[in-house]
Amino acid sequence: MVSSVAWVYDGRVSLRPETTLAQRKRQLVSDELTEAALQLMAREGFDAVTVDAIAAAAGVSKRTFFRYFASKEDVVVQFLAGMGAGMHTELASRPAAEPPSVALRHTVWAAMAACADGAEHAGRALPVVQLILRTPALRARFQEHQARWRDDLAAETARRLGLDPEADLYPRIAAGAALVAFDTVLRRWSDSDGADDPAALTDRAFAVLAPALDRLPAA
């Protein structure tokens, strides 16, 4: 059974060349620790969960935990890094002739689908998303990551449109608008305890943004 966390990491791993048995084993242990940590934190609260508890839930030693992560905060950081990598990969894979609003909508949906596509994914990921959004320290990390995602998405948008990411304003504005839509949809889905349809929310957000996103700057 593949968890929502594993879905994100599998997306990233699949881009790598052939891996050795040792590398696959290491990735498996990392995924198990991540899954155990995020589910424990979601259930008991970030502050209440210790590294010892995470290691015990994953069936490894505390020493093994520290071979993979420097702290419990780093577990969440790795999860967030996987979300950003998935968004960049999705945008880079979209057809070259696709309007910016369509390409960026698919990019945002790729991240949302990793959390909310299907009852099993949603049931496992929703408490983790709520943990991140409702814990000040984790929310701050989330915002830091979104700033990096904006840079990556802006660079990819500029490449797709033949623009200069440093001189032209459009790529960063478009990437920023897409991430505002992502953040808004994620928060609405989280606040509704998963009742709101994230696909419909994403479509509604981009119906608002599309006219501006598709009004490309003059050459």
Side-chain angles (χ1 to χ4, degrees), residues 1-90 110-149 152 182-183 186-187 189-190 193-194 198:
M1 182 178 296
V2 180
S3 72
S4 59
V5 172
W7 186 95
V8 174
Y9 293 135
D10 286 348
R12 190 176 60 191
V13 171
S14 66
L15 300 178
R16 296 175 179 172
E18 289 286 333
T19 57
T20 65
L21 178 61
Q23 288 171 325
R24 290 196 296 272
K25 182 177 179 181
R26 181 175 178 81
Q27 185 63 48
L28 180 62
V29 174
S30 177
D31 289 346
E32 290 289 340
L33 282 166
T34 300
E35 176 75 4
L38 292 176
Q39 297 303 323
L40 274 174
M41 292 175 190
R43 186 169 63 249
E44 300 179 15
F46 178 76
D47 292 333
V49 174
T50 64
V51 169
D52 288 301
I54 295 169
V60 300
S61 67
K62 184 176 179 179
R63 183 176 179 181
T64 296
F65 175 92
F66 284 117
R67 283 205 293 266
Y68 290 85
F69 301 103
S71 67
K72 63 181 182 179
E73 289 87 349
D74 283 351
V75 179
V76 182
V77 169
Q78 180 166 307
F79 173 75
L80 296 176
M83 291 179 71
M87 294 179 79
H88 183 267
T89 298
E90 179 65 21
M112 285 303 306
C115 296
D117 191 16
E120 182 180 348
H121 275 175
R124 297 172 74 84
L126 178 61
V128 176
V129 170
Q130 291 175 329
L131 171 76
I132 292 170
L133 296 180
R134 296 173 183 177
T135 305
L138 298 181
R139 188 169 64 248
R141 289 288 191 104
F142 188 44
Q143 292 168 342
E144 288 173 9
H145 274 272
Q146 287 196 52
R148 296 173 198 155
W149 301 351
D152 290 342
F182 167 67
D183 192 66
L186 191 69
R187 288 173 184 274
W189 178 69
S190 171
D193 289 328

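All residue numbers in this chain count up from 1 along the given sequence.
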Exercise for review: For Asp152, enumerate each residue passing the side-chain hydrogen bond (donor to acceptor under 3.5 Å, both in side chains) test, keeping only those at least two apart in sequence or located in another chain.
Suggested key: none
Check your understanding: Do any pairs count as a side chain to side chain donor-acceptor pair (under 3.5 Å) and have a residue in residues 131-149, sequence neighbours left out, and if so which ones?
Key -> Gln146-Asp183
Review point. Between Ile54 and Ala36, which heavy-atom pair has the shortest distance, and what is it?
Key: O-CB, 4.1 Å
Practice item. Given side chain to side chain contact (heavy atoms under 4.5 Å, CB included), test Phe142 with Val76 step by step and report yes or no. Key: CA-CA 9 Å; Phe142 188 44; Val76 182; over 6 Å; no
Check your understanding: Rounded to the nearest 0.5 Å, what separation is found between the CZ atom of Arg26 and the OH atom of Tyr68?
Key -> 5.0 Å
Exercise for review: Please report the closest heavy-atom contact between Leu126 and Ser190, naming both atoms and the distance.
Suggested key: CD1-CA, 3.9 Å
Check your understanding: Which heavy-atom pair separates Ala53 from Leu40 by the least distance, and what is that distance?
Key -> O-CD1, 3.6 Å
Exercise for review: Assess whether side chain to side chain contact (heavy atoms under 4.5 Å, CB included) is satisfied between Asp31 and Gln27, documenting all intermediate values.
Suggested key: CA-CA 6 Å; Asp31 289 346; Gln27 185 63 48; 3.0 Å; yes
Practice item. Could you give me the CA-CA distance, side-chain angles and deciding distance for Leu33 and Val75, then say whether side chain to side chain contact (heavy atoms under 4.5 Å, CB included) is met? Key: CA-CA 8 Å; Leu33 282 166; Val75 179; over 6 Å; no
Check your understanding: Does the side chain to side chain contact (heavy atoms under 4.5 Å, CB included) test come out yes or no for Phe182 and Met83, once each step is laid out?
Key -> CA-CA 11 Å; Phe182 167 67; Met83 291 179 71; 3.5 Å; yes
Point to revise | Pair Thr64, Arg67: side-chain N/O donor-acceptor within cut-off below 3.5 Å | key: yes
Check your understanding: Are Gln130 and Asp193 side-chain neighbours, meaning at least one heavy-atom pair lies under 4.5 Å?
Key -> yes
Practice item. For Phe46 and Lys72, work out which heavy atoms get closest and say how close. Key: O-NZ, 2.8 Å
Revision key, fill the gap. Closest non-hydrogen contact found for Ser71 with Phe65 is O-CZ, 3.8 Å
Point to revise | Sub-4.5 Å side-chain heavy-atom contact between Phe69 and Thr34 | key: yes
